[in-house]
K.L.:
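The structure that follows is given in the form of structure tokens.
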Amino acid sequence: MSPMSRRTRYGWVTAALCLMAAGGASAAAAPAEAGGPVDTTAADGSRSARPADTVTAGDAPPLRFVSYNICGNSCGAASYDSGRRIDTIVAQAGAATWNADQIFLQEVCRPQYDAVLTRLGRLGYRGLFSRTVLGRPGVCGNADYGNAVFVRGEVQESLDLDLTVGGEKEPIRVPCLRNTVQYRTNWACSVHLYWDDGTLAGPEADRLAARARSWEDQGVPVVLGGDFNHSPRSSTMTRFYDRAVGDGAMGRFVEADQSDADFFDPAACTPGVTEACRSGEATVPSLKKKLDYVFLTAAHFTTPAADVRPLDLLVSDHRMVRGAAAWSDCGPLDVRRAAFFRRNAAGSLFRITADGNGTFAGPCKVGAGWQAMRHVVRPPQSEVLLAVDGAGDLWRYPADAAGAYAGATRIRVGSGWQGYDAVLAPGDTTGDGRPDLLGRDTAGGMWLHAGRADGTTYAAPVRTGTGWQTYGALVAPGDFSGDGRPDLLARDRAGVLWLFRGTGAGGFAPRARAGSGWNIYNALSAPGDADGDGRRDLLARDGSGVLWLYPGDGTGSYRPRSRVGTGYPAGELLL
């Protein structure tokens, strides 16, 4: 909705204009996720403390989006807190809150935008503001007013898209950024369509949909977040919903909230039968209407989900929409293919899969919040990840249908692992058909945790060796020597690489020299058979962040290296 007007059942009346933004957080700002007056009225008028369809940072798909109209039709009211608005938006960048990749804001005062960008800029975000009202007395305290988009990552191009068709009381301008998010290029646009009965918003929607089609035809994904000012089943919104949804849809987008059966329109969709519906939870409780959306091109995104946050009466008369999805070209991990994982400085987890020819596809984001884990390992040819947290608890993470890992589905399978400075998942070292784990303590002792028959837990540790403290890097490549038993590789302080062949009885034979000069690398990883020759390979990261593939020769050594990636900074976990 527009701050220039207040909607009634039969028409429009003039309303107060938005409050001038503070240059940062207010002194009395409340936490972004709780505190302050909150209205939990649902679309049907009922009230509850927690929406039935809540999607949390722990269980949502890995790509994260936020759309928020931060003024609404009462943004000039004295009870509204501009500093709280800024704090609330910035909080969505936090890993524990939402870890947003893109944030779309509507009805923004320029000082609010500047304050948000200053704080998000320190976290790697870029932004773009589109002015719809020129600063003048009574409007944002003489500051400009409009819409904004923020993205985490590199920006290649910006566009201030004008959708105005004529007759609007203010220009309809949409800020768009072509950017790289989660290693994919896409266009991200913050949308605010006109607030009429559709005679102007319809042509505006046509212009926007046409521009989005042109980008998609070039192979570029598109994300639209914003206040579209029309309900899902209106003629205006037919331009966006994908044809597969039916019900007159003519667009190319999936909508983040279209799979939420708790809010399906019973006249059009049946929970448990219909997969997606042009309906959803109300975002403006006073109107009991859904006006705010996150749309994603259907050809590029899958598993959409959304959560409409409780109304915060200190921020807006709209509810924040938090949407999530996954890249459609990622999907589940094929355990027959080589792959490795990367945890970046923000705690996001990425899977990089080999193409079978010695190169790797673009990374797929498969998790967030992993900075809390001291160790993360993957058993050979398994989609499961195992992680040790700061308290020493061992967690088992199964992959979901999209190949992602979420805290909501993890299982605690052990404790007392805080004493290890290295954890390895070599496979079945005891010959009983069950995958085992190894832990090295700070004194150099190696401990075997044999896998139990249930396939998920481990027996009490048994020490299998000493003197392992001399090795600065350890890696479990599986069967690297070609004898059918899992081996270990260790690099000493002088850069010599040593092979420890598995005995098949839970231990390892005396070491054999496998190579030298490995001290130029700060991380080693074992992706599996990356080049498709049936032999296990190695990955190594040098001090410049370059990733090198060493094809295994099947006898415990390797062939000459090849460069397979860049931009892998030191300090990040590779597994």
Side-chain angles (χ1 to χ4, degrees), residues 31-34 40 48-66 91-101 182 254 256-263 271-272 275 280-281 294 296 301-310 320-327 330-333 341 343-344 346-351 364-379 382-415 417 454-457 573 575:
E33 292 295 289
T40 56
S48 63
R50 181 179 175 88
D53 68 328
T54 297
V55 180
T56 69
D59 61 17
L63 300 169
R64 308 290 175 82
F65 312 95
V66 169
Q92 301 311 308
T97 305
W98 193 239
N99 202 32
D101 296 297
Q182 311 302 346
V254 295
D257 206 28
Q258 70 180 24
S259 301
D260 180 5
D262 290 333
F263 294 93
E275 293 184 2
E281 186 172 4
V294 173
L296 311 107
F301 297 91
T302 187
T303 62
D307 182 19
V308 178
R309 303 297 298 164
M320 177 194 298
V321 177
R322 299 202 302 200
W327 291 116
C330 287
L333 171 64
F341 291 78
R343 181 184 66 190
N344 70 8
S348 296
L349 190 69
F350 299 89
R351 187 188 75 232
C364 294
K365 185 180 179 184
V366 294
W370 285 75
Q371 68 274 16
M373 296 301 173
R374 299 175 61 184
H375 307 289
V376 185
V377 295
R378 175 194 168 206
S382 172
E383 64 176 14
V384 170
L385 295 182
L386 296 160
V388 178
D389 65 20
D393 289 334
L394 179 68
W395 298 90
R396 184 177 189 270
Y397 285 81
D400 65 16
Y405 301 88
T409 57
R410 69 179 185 174
I411 303 168
R412 185 173 174 270
V413 295
S415 60
W417 288 71
D454 62 12
T456 62
T457 59
L573 176 69
L575 65 131

K.L.:
For the residue pair K365 and W327, establish whether any side-chain heavy-atom pair is separated by less than 4.5 Å.
P.N.:
no

K.L.:
How many angstroms lie between CG in L394 and CD1 in I411, if you round to the nearest 0.5 Å?
P.N.:
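Interatomic distance, L394 CG to I411 CD1, rounded to 0.5 Å: 11.5 Å.
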
K.L.:
So do P379 and L386 actually touch side chain to side chain, heavy atoms under 4.5 Å?
P.N.:
yes

K.L.:
Among S259, P61, C330, exactly one meets side chain to side chain contact (heavy atoms under 4.5 Å, CB included) together with T303. Which residue is that?
P.N.:
P61

K.L.:
To the nearest 0.5 angstrom, please state how far the CG atom of L573 sits from the NE2 atom of H375.
P.N.:
10.0 Å

K.L.:
Between CZ of R343 and CG of L349, what distance do you get to the nearest 0.5 Å?
P.N.:
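One gets 8.5 Å once the value is rounded to the nearest 0.5 Å.
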
K.L.:
First locate atom CG of L385, then atom CH2 of W370, and finally report the distance between them rounded to the nearest 0.5 Å.
P.N.:
5.0 Å

K.L.:
State which residues pass side-chain hydrogen bond (donor to acceptor under 3.5 Å, both in side chains) with R351; sequence neighbours excluded, sorted by chain then number.
P.N.:
T353

K.L.:
Restricting to non-hydrogen atoms, name the atom on A95 and the atom on A346 that form the minimum distance, rounded to 0.1 Å.
P.N.:
CB-O, 4.4 Å

K.L.:
Please report the closest heavy-atom contact between D454 and T457, naming both atoms and the distance.
P.N.:
OD2-OG1, 2.7 Å

K.L.:
Verify the neighbour count for atom CD of E275: are there more than 12 heavy atoms of other residues, nucleotides or ligands below 6.0 Å?
P.N.:
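Open.
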
K.L.:
Between W98 (side chain) and F65 (backbone), is there a donor-acceptor pair under 3.5 Å?
P.N.:
yes

K.L.:
So, for E383 and A399, which heavy atoms are closest and what is the spacing to 0.1 Å?
P.N.:
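That would be O-CB, 3.9 Å.
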
K.L.:
I'd like to check the salt bridge (Lys or Arg N to Asp or Glu O under 4.0 Å) partners of D389; sequence neighbours left out, ordered by chain and number.
P.N.:
none

K.L.:
Using a 3.5 Å distance criterion without hydrogens, assess whether the side chain of D59 forms a donor-acceptor pair with backbone atoms of T56.
P.N.:
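At least one qualifying donor-acceptor pair exists.
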
K.L.:
When you measure from the side chain of N99 to the backbone N and O of G369, does any donor-acceptor pair fall under 3.5 Å?
P.N.:
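Looks like no, no N/O pair under 3.5 Å.
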
K.L.:
Return yes if some donor-acceptor pair links the side-chain N/O of R378 with the main-chain N/O of F341 below 3.5 Å, else return no.
P.N.:
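Here the side-chain-to-backbone pair does not exist.
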
K.L.:
What are the two closest non-hydrogen atoms of S382 and V384, and how far apart are they?
P.N.:
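Closest pair (atom of S382, atom of V384, distance): OG-N, 3.0 Å.
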
K.L.:
For the residue pair L296 and A325, what are the closest heavy atoms and their distance?
P.N.:
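Closest heavy-atom pair between L296 and A325: CD2-CB, 4.2 Å.
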
K.L.:
Can R322 and V55 be said to form a side-chain contact (heavy atoms from CB on, under 4.5 Å), step by step?
P.N.:
CA-CA 8 Å; R322 299 202 302 200; V55 180; over 6 Å; no

K.L.:
If I take atom CD from residue Q182 and atom CG from residue L63, how far apart are they, to the nearest 0.5 angstrom?
P.N.:
5.5 Å

K.L.:
For P332 and A401, work out which heavy atoms get closest and say how close.
P.N.:
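Result for this residue pair: CG-O, 3.1 Å.
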
K.L.:
Show me the pairs that pass side-chain hydrogen bond (donor to acceptor under 3.5 Å, both in side chains) and involve residues 402-414, at least two apart or across chains.
P.N.:
D393-R412, Y397-R410

